[in-house]
Amino acid sequence: MDDNNFFMDDREEENNPLNKKNRRQKRIIIVLSVLLILVTGLLAFFIYMNYDYIVFKAIMTKGYVYEDSVQDLIDSELEQTDSDILTYFDDAVISIFSDKLYEVSGDRYTHIYLPVQYTAKVESEQEIGSSCQWFPFTEDSAYLQITNFTLQSASFVEENAEEISQYGTLILDLRSNPGGYVSNAQSIADMFLEKGDVIYTESASFGFLSKTTKASSDPIFDFDKIIILQDGNTASASEILIGALRDNLDNVVILGETSYGKGIGQYTVPLKNGFYYIATMFTWETPNGDTIHGTGIEADKEFTVETLAKELGIELQVTSSDE
């Protein structure tokens, strides 16, 4: 056999459909074997890391003599009756642990929401957010009250931005605004700040959650002056907005009291069975690097009718009448 025939035989064998099929099957078997090893390893690691709790749960839900006590505890903690112990055991454990954690840490923000509680919370936030208002205050100033930070409040500001922006001065009332969703405060801050301006910096134990949030678009508003009204109940996302405006703009004056001082944030995570878990997972700083948790943002001046009038550049009309 000459060399040419030898190489032709090799090519024919390589191109044989049956041989190609066998090679594909071998590759598939190798890939599946590797995946099986990885999945088995991950499962073994998960069981190892959670071994204590798995044993505890199995005993409490399947082998504990005082089953009635477990039933009563779960029902009481989750405000239910005749709860299926196995189904709701984890939710009850989370709730009990969070209650004990509050006693130790004082963190009242980390807790589990029962389904009915979460629904009521969302409905309440939507109702409060829908009560935002604005109106002309003087010939050259507009009054804008933001009651919380939800999709409703952010939409309200956006929908009325064109009319509000016609005035030279904005009175931004954030008194008793408890905060809300940081993303919506960010959307409103975007309307005031130049693209690229820092809104706040967020630091989390999970490094991938840490970030610096910046304005993502050109501003809609360009006021000559912004007068912010705040009090001791102005908190959280409200303080993020105040810090962002104060640190980035040179035309902001704050009237009122020192704000609440909530410089920590929470993530809400959906659980099984309609429950939600909200946990404190990050701290935040203003663009200038101020950490305001427990201290708040100080006002520039006390809020009175006189100080507001002075900032607006108007004279008070004092009238008197004889009795």
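Please read all numbers here as calculations on a predicted model, not as lab measurements.
- Looking at heavy atoms from C-beta onward, Ile47 lies out of side-chain contact with Asn50 at the 4.5 angstrom threshold.
- Side chain of Asp247 to backbone of Asn288: a donor-acceptor contact under 3.5 angstrom is found.
- In terms of heavy atoms, Ser165 sits closest to Phe221 at CB-CD2, 3.8 Å.
- Remark: side-chain polar atoms of Gln166 are paired, donor with acceptor, to backbone N or O of Glu162 under 3.5 angstrom.
- His293 is not listed as a side-chain neighbour of Thr283, based on a closest heavy-atom distance of 4.5 Å or more.
- In terms of modelled atom types and a separation under 3.5 Å, the side chain of Asp75 and the main chain of Ser83 share a donor-acceptor contact.
- Looking at Glu239, its side chain does come within 3.5 Å of a backbone N or O of Lys262 through a donor-acceptor pair.
- In summary, Glu257 and Arg175 do not engage in a salt bridge, as defined by a charged side-chain N under 4.0 Å from a carboxylate O.
- Looking at Asp91 and Lys272, no side-chain N of the basic residue comes within less than 4.0 Å of a carboxylate O on the acidic one, giving no salt bridge.
- Taking both residues in full, the closest heavy atoms of Pro178 and Ser236 are given as O-CB, 3.6 Å, listed atom of the first, atom of the second, then distance.
- Checked against a 6.0 Å centroid threshold, the rings of Tyr113 and His111 count as neighbours.
- Annotation for Phe97: atom CZ does not count as buried by contact number, only 12 or fewer foreign heavy atoms lying within 6.0 Å.
- When atom types are taken as modelled, the side chain of Ser105 and the backbone of Asp107 share a donor-acceptor pair closer than 3.5 angstrom.
- Under the 3.5 Å distance criterion, the side-chain polar atoms of Thr119 are left unmatched by any main-chain donor or acceptor of Val116.
- Judged by distance alone, with hydrogens and angles left aside, the side-chain atoms of Ser187 form no donor-acceptor pair with the main-chain N or O of Ala154 at under 3.5 Å.
- Checked against Gln230 for a side-chain contact (heavy atoms from CB on, under 4.5 Å), the options Asn177, Leu255, Ile254, Asp173 give a single hit: Ile254.
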Full working for side-chain hydrogen bond (donor to acceptor under 3.5 Å, both in side chains) between Ser155 and Glu158: CA-CA 5 Å; Ser155 296; Glu158 185 175 3; 5.4 Å; no
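- Aromatic pair Tyr181/Phe149: ring centres not closer than 6.0 Å.
- Side-chain contact check for Ser217 versus Lys195: every heavy-atom pair is 4.5 Å or farther apart.
- Separation of the Phe89 and Phe56 ring centroids falls under the 6.0 Å cut-off.
- A distance-only check finds a donor-acceptor pair linking the side chain of Asp231 to the backbone of Asn233 [under 3.5 Å].
- With hydrogens and angles ignored, the 3.5 Å screen pairs no side-chain donor or acceptor of Asp290 with any backbone N or O of Thr286.
- Distance check, rounded to the nearest 0.5 Å: CG of Asn160 to CD of Gln133 gives 11.0 Å.
- Every residue two or more places apart in sequence or in another chain that forms a side chain to side chain contact (heavy atoms under 4.5 Å, CB included) with Gln186 is listed here: Ile199, Tyr200, Thr213.
- Counting all heavy atoms, side chain and backbone alike, Leu144 lies closest to Trp134 at CD1-CB, 3.9 Å.
- Using a 4.0 Å cut-off between charged side-chain N and carboxylate O, Lys214 and Asp190 make no salt bridge.
- Ile146 approaches Ser153 most closely through the heavy-atom pair CG2-CB, 4.3 Å.
- Taking 4.0 Å as the cut-off between side-chain N and carboxylate O, Glu125 and Lys121 count as a salt-bridged pair.
- The two residues Ile292 and Ile297 make their nearest non-hydrogen contact at CG2-CG1, 3.9 Å.
- Judged purely by atom type and a 3.5 angstrom limit, Thr40 uses its side chain to pair as donor or acceptor with the backbone of Leu36.
- The aromatic ring centres of Tyr167 and Phe137 sit 6.0 Å or more apart.
- The shortest heavy-atom contact between Glu77 and Ser95 is OE2-OG, 2.7 Å.
- Judged by distance alone, the side chains of Gln152 and Thr150 do bring a donor and an acceptor atom under 3.5 Å apart.
- Residue Gln126 places its CD atom among more than 12 non-hydrogen atoms of other residues, nucleotides or ligands, all under 6.0 Å distant.
- Using a 4.0 Å cut-off between charged side-chain N and carboxylate O, Lys225 and Glu311 make a salt bridge.
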